[in-house]
Structure formats: C-alpha cells, structure tokens
Number of protein chains: 2
Amino acid sequence: MQDAINTWQDVQREVLGRIQNRVWKPGDIIPNEVDLAKEFGCARATVNRALQAVADSGLLDRRRKAGTRVAVNPVRKATLEIPIIRQEIEQRGQHYQYALIEQQVTDPQADMQAMMKLSDGQQLLHLKALHLADGLPHVYEDRWINISTVPEIVAVDWQQNNANEWLVAHAPFSDGDIAFSAGAAGAVEAEILNVPLNTAVFIIERSTWMMQQSITRVRLTYAPGHRLHTTI
Amino acid sequence: MQDAINTWQDVQREVLGRIQNRVWKPGDIIPNEVDLAKEFGCARATVNRALQAVADSGLLDRRRKAGTRVAVNPVRKATLEIPIIRQEIEQRGQHYQYALIEQQVTDPQADMQAMMKLSDGQQLLHLKALHLADGLPHVYEDRWINISTVPEIVAVDWQQNNANEWLVAHAPFSDGDIAFSAGAAGAVEAEILNVPLNTAVFIIERSTWMMQQSITRVRLTYAPGHRLHTTI
DNA sequence: AGATTTATTATGTGCAGACATATAAATATT
DNA sequence: AATATTTATATGTCTGCACATAATAAATCT
C-alpha cells in the first residue's frame, strides 16, 4: 500500500513509470485489475480506465482471461488531424486566399477510373486551384469530384467556393485513404507554386467515399518547406 | 423511449446516426447527458462514455457547463501506425538488411539540445545507419539517443543491433512527436541512398519521450518512391 | 455601468457491486 | 492422441450514486 493513487491519470502515470523503469518488462504479464486496485487503494473501474488508456496508446496488450502484458513490439499509432486548408493557414496568423485555376467536366482516364472505382459513363468534375498564405502559393489542389455521387456540384460557383471546404460541409464521407509522399515539382506545379523545376515537394493524395461510392480524389502539392506535424 | 440502447457502442451508433442524418446539425447543441440517458433508457455513465468516444473522434465538442455540440468543422483524424522498419520491409516480402555507418558519443549542439530539451552536460549517442530492402537502400537513419535516459546503450554493439528495434524493446516511450516533410537529398544522403544529388526524398523526424525525459530523436530519409499510406 | 462575487449547471470522474464475455486451461470424450 | 466439453478467470461494461470541476449566468456590490 502507498499514498493515494486515486485518479485514473495517477494510475496511468504509475503504470507508465513501471514500464519505463522496467519493473514490468516487455512481454511481462502485469498483475490483474483487482490486485492493482487493492495495491493502489482505488476502485477496479479506475484501474480499468487507466489500463485501457495505456493499451490504446499501444504500450500494453490486453486480452480477456489472458491478462495484461507489456507490449513486446509496441506498434505506435500517431493520429494526425486533417485540417481544412483555410484553417491551417489562418491558425498560423496568415492571410488566406484561394484562386481557381481551371474547372472542367471530363470523362475519367483509365487510371483515375480505377482509383475511384467508377462505373463506365460516370463523369468527373476536375478542379485545379491554388491556396495562398499571405499572398504566397501554399498548396496546389488538383481535384476530381464524382458527379454521380454529388450532383449538386455542377451548380456551384467555384470562383467563390473552394472545394476543400464545400465538400466537408455538403458531402460527408464514411471513409477514405491518404498517402503521403515526396516528389519533384513538374512543369505545371513548378509554375503554379512559383518554384524551380524539380524542387522537392510534399504531396498528399486523398480519396474519400460514402458507402462504397467515391466522392472525390485530391492531390495536394505543397510549396517547399511544408511540414506535417503530429504527436504520438 | 425506444428499444434498448444499453451499451455505449449502441449510444455511439445512435449519436453518429443523428449527426449523419442531420437531426443534430453542425453547431447544434445536443441534449445533456441526463436527458439522453433518460431517452435511451441507460445510465448517464454509459452516455458519457459514448459521447467521449465521439468527441475523441472529433465530431463533437464538449465543454463543462456549456454542454455538447456538433463540431462545425469536424477535424478528421487519420491514425497511422509507425511500424518497425524491419517489419515494414518484411511484410512486403522483401529481404531486410541493416548496416551501421557511424557511431559516436557527442556533446549536443545547441539546436539538438533545445529540441531534445537536454540539461547541460547530457551527452548523446549519435548513430548513422542504413536499412536495405532486397539489397537496395530503403531508408537512411540518423539518430541521437540520450545517454542519461538510456545508459545501457553505450554497451550495445550497434553492428549487430539496430537502434530502431532495440529502443522499442528496451526504452518504451510515453509520448513523442513526428513531422513529415519533403526535402532534397544532400551530398551525404545522396551517396548513402545511391541517388542523384537533390533528389526529392521523404523525411520523417521523430522525437520520443518518457515522462518528460527525452529518449531519442531520429531523422529517417527514405529512398525515392516511398509512400506512407493510411485510411481515415 | 462596470466590476466582483455567488449560484447554477453540464461534464468529469470516483466507487461498489453485478453481470457479460472471451478464452486459456483443465477435463472428459471419442 | 486428437477432439470436444467444461470450468475458471481476467477483462469488458452497466448501474446508481456521489462529489469534483469548469464555466456560464445571475446577483451583488462598487
């Protein structure tokens, strides 16, 4: 028995401490909730809450009956927030501007048709736009929107509205996938972002879906220097 | 009143449904926990658990006294797993190899001391290593380890052990931060990765901590073509 | 009117007890 | 020996209750 470890945060701290100090080593099974509750002088529910939090972060593996053990190869999960570009810019105290570059209704090319899992005949709205921070190019947005899924889009004035925001508000998605990579700026991107040809640029490609129906696919090419930051 | 909505997952489903169907619109304040518990026919604790989960996912904003409201700009969160490099490579069916390039105990430079929040006099172990997939350079690892936090490291043979794996097994961390960016390969990196100078490369920089104590900071420079992929 | 204190209210969290559920381990069956 | 069944156990979660805490709204005092 020891001094009050009452709150689940206290318990979490204590547990993390024991893992770090190797009182409990990777692979070790730790005492069960009832015993820990007794030792800490708190309710089992409190221990449970704490252990669940630590397990969520990947440092503990828990299985019914088998007990709780310190993860051997903790697979760390980083959660990164996908902000709306305007917010991202304004949050840094910079002035946001948006400029439509091109707008066109097209039949999809084969690769795009595959990536967006389109049926034959489904058309896309293709938008090219630039987001600026304090007047400087920040990110070039190359976007395809599935007209079948979001028919209202054809009526929208994309000079005034930007797809990044409009879609969040009007076309909720159930799931999607994102890929991050680095690439060399091609002729088009280099000119739009106003950087030398082949400059290293950060690229995000994102597709979103609502119940198997593709909504949109976007390729964001960031101006040099952009960092995507998050905590584990 | 309606059919049993007893489990917190049930409540979560119901809440998500109402948000999706715009019964509760963005910005709307939703009924308080006591009322919802009454409506669903369950305990307030259950409603609380569910609402906390939804709030965690970013779809609800909660504040004491002010109540719970539907997020106006739902910040989507992607969780991406940080695999051990060996696993990442072997999972693709490729052969994994590791090569130590350089190993050195140093006093930190000012910027590194700041980034790792080191006290004066704390020394670092600096490791440079290359991870290969099927014999080809995959990622160049440039790592600093805090000797004060992990004193055992000085005794480790880094020809045989790779820090990426050794640390997860021996020095678990409670939190950290990650940054993703694109950069141009410098002379050192270009040679090690065997690519032309200024090739666009994907860079991950990661610092990890255990209870305010810095453990390590690593800069991973990936060979061209690397993509980091995840789902929302 | 404006500033300061007090009350009110919704969420945050703790507790004890109960039952549910997954599953490892023991036992019985083929 | 291999397979099916039972049992024991650790975690998962619900309930009702209590009190803590943050933050707004109301009341009070300059």
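In the text below, chain A, chain B and the rest are named by the order of the sequence lines, each starting its count at 1.
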Take the protein atom [atom1] of [X] and the nucleotide atom [atom2] of [N], then report the distance between them rounded to whole Å.
X: A:D61; N: D:dA10; atom1: CG; atom2: P; result: 18 Å
X: A:L51; N: D:dT11; atom1: CG; atom2: C1'; result: 10 Å
X: B:R44; N: D:dT13; atom1: CZ; atom2: C1'; result: 17 Å
X: B:F40; N: D:dC14; atom1: CZ; atom2: P; result: 13 Å
X: A:R62; N: D:dT9; atom1: CZ; atom2: C1'; result: 14 Å
X: A:R69; N: D:dA10; atom1: CZ; atom2: C1'; result: 12 Å
X: A:I29; N: D:dA10; atom1: CD1; atom2: C1'; result: 9 Å

Original post:
Hey, does B:A45 reach any base, or is it just sugar-phosphate, or nothing, if we go heavy atoms under 4.0 Å?
Top reply: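 Base: the residue B:A45, judged by heavy atoms under 4.0 Å, touches a nucleobase.
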Original post:
Which part of the nucleic acid, if any, lies within contact of A:R49, taking any heavy atom under 4.0 Å across all strands shown: a base, the sugar-phosphate backbone alone, or nothing?
Top reply: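 Result for A:R49 = sugar-phosphate.
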When you check the side-chain N and O atoms of [X] and [Y], is any donor under 3.5 Å from an acceptor?
X: B:D142; Y: B:H126; answer: yes
X: A:H131; Y: A:Q97; answer: no
X: A:E165; Y: A:N161; answer: no
X: A:N48; Y: A:Q52; answer: yes

Subject >> Within residues 44-87 of chain A or reaching into it, pairs that qualify as ring pair (Phe, Tyr, Trp, His ring centres under 6.0 Å) - sequence neighbours excluded >> reply: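 Residue pairs passing ring pair (Phe, Tyr, Trp, His ring centres under 6.0 Å), neighbours aside: none found.
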**OP:** Identify the 5'-most and 3'-most nucleotides of DNA chain C with at least one atom closer than 4.0 Å to a non-hydrogen atom of chain B.
**Re:**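 Counting from the 5' end, contacts occupy C:dT8 to C:dT13.
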N/O to N/O distances under 3.5 Å, protein versus nucleotides 22-25 of chain D:
| from | atom 1 | to | atom 2 | distance (Å) |
| --- | --- | --- | --- | --- |
| D:dA22 | O4' | B:R64 | NH1 | 3.3 |
| D:dT24 | OP1 | B:R63 | NH2 | 2.5 |

**OP:** First locate atom CG of B:N164, then atom CD of B:Q87, and finally report the distance between them rounded to the nearest 0.5 Å.
**Re:**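 Separation between the atoms: 9.5 Å.
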Please check the phosphate of [N] (OP1 and OP2 only) for any side-chain N or O of [X] closer than 4.0 Å.
X: B:T46; N: D:dT13; answer: no
X: A:N48; N: D:dG12; answer: yes
X: B:Q9; N: D:dG12; answer: no

**OP:** Please report the C-alpha distance between A:S214 and A:N146 in whole Å, then the side-chain angles of each, then the deciding distance to 0.1 Å, and finally whether the side chain to side chain donor-acceptor pair (under 3.5 Å) criterion is met.
**Re:** CA-CA 7 Å; A:S214 82; A:N146 188 341; 3.1 Å; yes
**OP:** Quickly, which of B:R64, B:R49, B:R44 forms a salt bridge (Lys or Arg N to Asp or Glu O under 4.0 Å) with B:E33? Name it, please.
**Re:**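 Result for salt bridge (Lys or Arg N to Asp or Glu O under 4.0 Å) with B:E33: B:R44.
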**OP:** Hey, can you tell me if A:F180 and A:F202 have their rings parallel, tilted or perpendicular (30° and 60° cut-offs)?
**Re:**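 Parallel, since the angle between the ring planes stays under 30°.
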